[in-house]
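Before any comments, here is the structure.
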Number of protein chains: 2
Amino acid sequence: MSMLPNRKVYHGVLDEIQNFIVENDLKPGDKLPSERELSEKLQAGRSSIREALRAMELIGVIETRRGEGTYLSKYRPYQTVELLSSFILKQTTKEELLLVKMLLEKEAAKLAYLHIDEEKINTLSVMMDNPSLDSKEKHFAFFCYLMELTNNQLLMRIWGLIDEYSKSFTGNYSKDFYCNLINVYKTKNYSAIESLFKEVKEYDFM
Amino acid sequence: MSMLPNRKVYHGVLDEIQNFIVENDLKPGDKLPSERELSEKLQAGRSSIREALRAMELIGVIETRRGEGTYLSKYRPYQTVELLSSFILKQTTKEELLLVKMLLEKEAAKLAYLHIDEEKINTLSVMMDNPSLDSKEKHFAFFCYLMELTNNQLLMRIWGLIDEYSKSFTGNYSKDFYCNLINVYKTKNYSAIESLFKEVKEYDFM
DNA sequence: AATAGTTAAGTGGTCAGACCACTTGAAGCG
DNA sequence: CGCTTCAAGTGGTCTGACCACTTAACTATT
């Protein structure tokens, strides 16, 4: 563990844990070594390990379950969002946020186009007809599915974060929008996606 | 301090400190009580206090200075973003990253279109002719300027983050690309932006 | 043999106490 | 008055000790 002079141990621990995650290709839900084990491996006191772990927990990167162990968070960064909301995003306006969100959804829709097939299109249709979901839930489920189709974790995460934060004041697109997009997929009319989102921006986003 | 059954001490400490800040109307730069003092006042072990403090520090809410004390942070929480990014981005592939970056740049180029005028176009031209910048610096300066023109802080931040992280392996677009984009602005040919980026993706974006 | 109950090991949660390194300011000295 | 010295206070870290909880292996009962 790098030991530059003024460096705090728990910072080093943070790095080491990150490396560990990358090297062992851990995914959300996977288990981390126990605190005692980390303490021994990284040559640091257990308290230092815990300080790093607690900080990671607060931003939602890990979950810890008493008696069981520490796990990589299953992508539910509530805490992060809360923090971001109170510190970072607070300085951005609602309009900025919704615009970026829309941008991401648009590009996702375009990327998803490349990987979608009839079966998946059908899944989307069924989703939108599900009466047990309200319109917000539909919107989320719809784009969540598209995000997965993009095969781009990063895009999904950024979108997820913004979505989580903007949940309270975000709107959906018009009822027709989703059907229209599905139709675009069906008719393989790629260039229509862009214009579809162009309209959205104006009349009923929010 | 509220003691719900499953509540961790450091969560309570977090709340208490938050209250303390509000009640005493502490502002950035003000000093917090010492760890030992907090430990006594809140009836918690010093290690628990530290876990809360460390988490707050990592998020950028407080600063600690060895031998002096703990202070409310003056600088806004870039740290959070940095931290978050280091975790999220590290688990992302190069391809995913570059794609998202390109997407953001494309959308920025389109948004900037709405606010650009001759003078600003000229600024871009001059920028690209500046011989004291290497190609990477030009790329950065070019899109930095466009990002500002979008009037969207959030977009700029997200892009800045990704750029920062991908600095080591990111490439530039072709020499012609920038000139082409400038020409698009000059000739007010909005719809050409999309296709301009489409080509980029294929031949020389890494 | 199948099930219920018990136990031991492992894990996170917390605390207390001990040093260390560093900053500050007051006491003491020239 | 200015300088040095030093004690007190503070964050940084480690160790060892319990506690509460989960899990799984083991045991006893049916």
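Below, chain A is the first sequence line, B the second, and so on; all start at residue 1.
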Using OP1 and OP2 only, check whether a side-chain N or O of [X] sits under 4.0 Å from [N].
X	N	value
R50(A)	dG13(C)	yes
R54(A)	dG13(C)	yes
S48(A)	dC14(D)	yes
T70(B)	dG11(D)	yes

Report yes if a donor N or O on one partner sits less than 3.5 Å from an acceptor N or O on the other, where the partners are the side chain of R66(B) and the base of dG9(D); otherwise report no.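 Side chain to base: no pair below 3.5 Å.
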Among Y145(A), F142(A), Y185(A), F140(A), the one residue meeting ring-ring contact (aromatic ring centres under 6.0 Å, His included) with Y178(A): F142(A)
Taking any heavy-atom pair under 4.0 Å as a contact, classify G67(B): base, sugar-phosphate, or nothing.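 If one applies the 4.0 Å heavy-atom cut-off, G67(B) turns out to touch a base.
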If you find the nucleotide of DNA chain D closest to Y10(A) and the one closest to E68(A), which residue's nucleotide is nearer the 5' end? Y10(A)
Select from S34(B) and S47(B) the residue whose nearest nucleotide in DNA chain D is closer to the 5' end of that strand.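 Nearest-nucleotide comparison on DNA chain D picks S34(B).
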Integer-rounded Å distance: [N] [atom2] and [X] [atom1]:
X	N	atom1	atom2	value
I49(A)	dG13(C)	CD1	P	14 Å
L38(B)	dC15(C)	CG	C1'	16 Å
R65(A)	dG13(C)	CZ	P	12 Å
R36(A)	dG13(C)	CZ	P	11 Å
E35(B)	dT23(C)	CD	P	16 Å
I62(B)	dG12(D)	CD1	P	9 Å
E37(A)	dT11(C)	CD	P	7 Å
K31(B)	dT23(C)	NZ	P	15 Å

Below 4.0 angstrom, N of the basic side chain to O of the carboxylate: do K101(B) and E107(A) qualify? no
Main-chain N/O of M128(B) paired to K138(B) side chain as donor or acceptor, under 3.5 Å: yes
Of the listed nucleotides dC14(D), dG12(D), dC15(C), the one nearest the side chain of A44(A):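 Ranking dC14(D), dG12(D), dC15(C) by closest atom to the A44(A) side chain puts dC14(D) first.
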When you get a sec, tell me which of dG12(D), dT14(C), dG13(C) is the closest nucleotide to the side chain of E51(B)?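 For the E51(B) side chain, the nearest candidate turns out to be dT14(C).
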L53(A) or R46(B), whichever maps to the more 5' nucleotide of DNA chain C: L53(A)
Once rounded to the nearest 0.5 Å, what's the spacing between atom CG of L149(B) and atom CG of L111(B)? 10.5 Å
Of all the heavy-atom pairs spanning I193(B) and A109(B), show the shortest one and how long it is. CD1-O, 3.8 Å
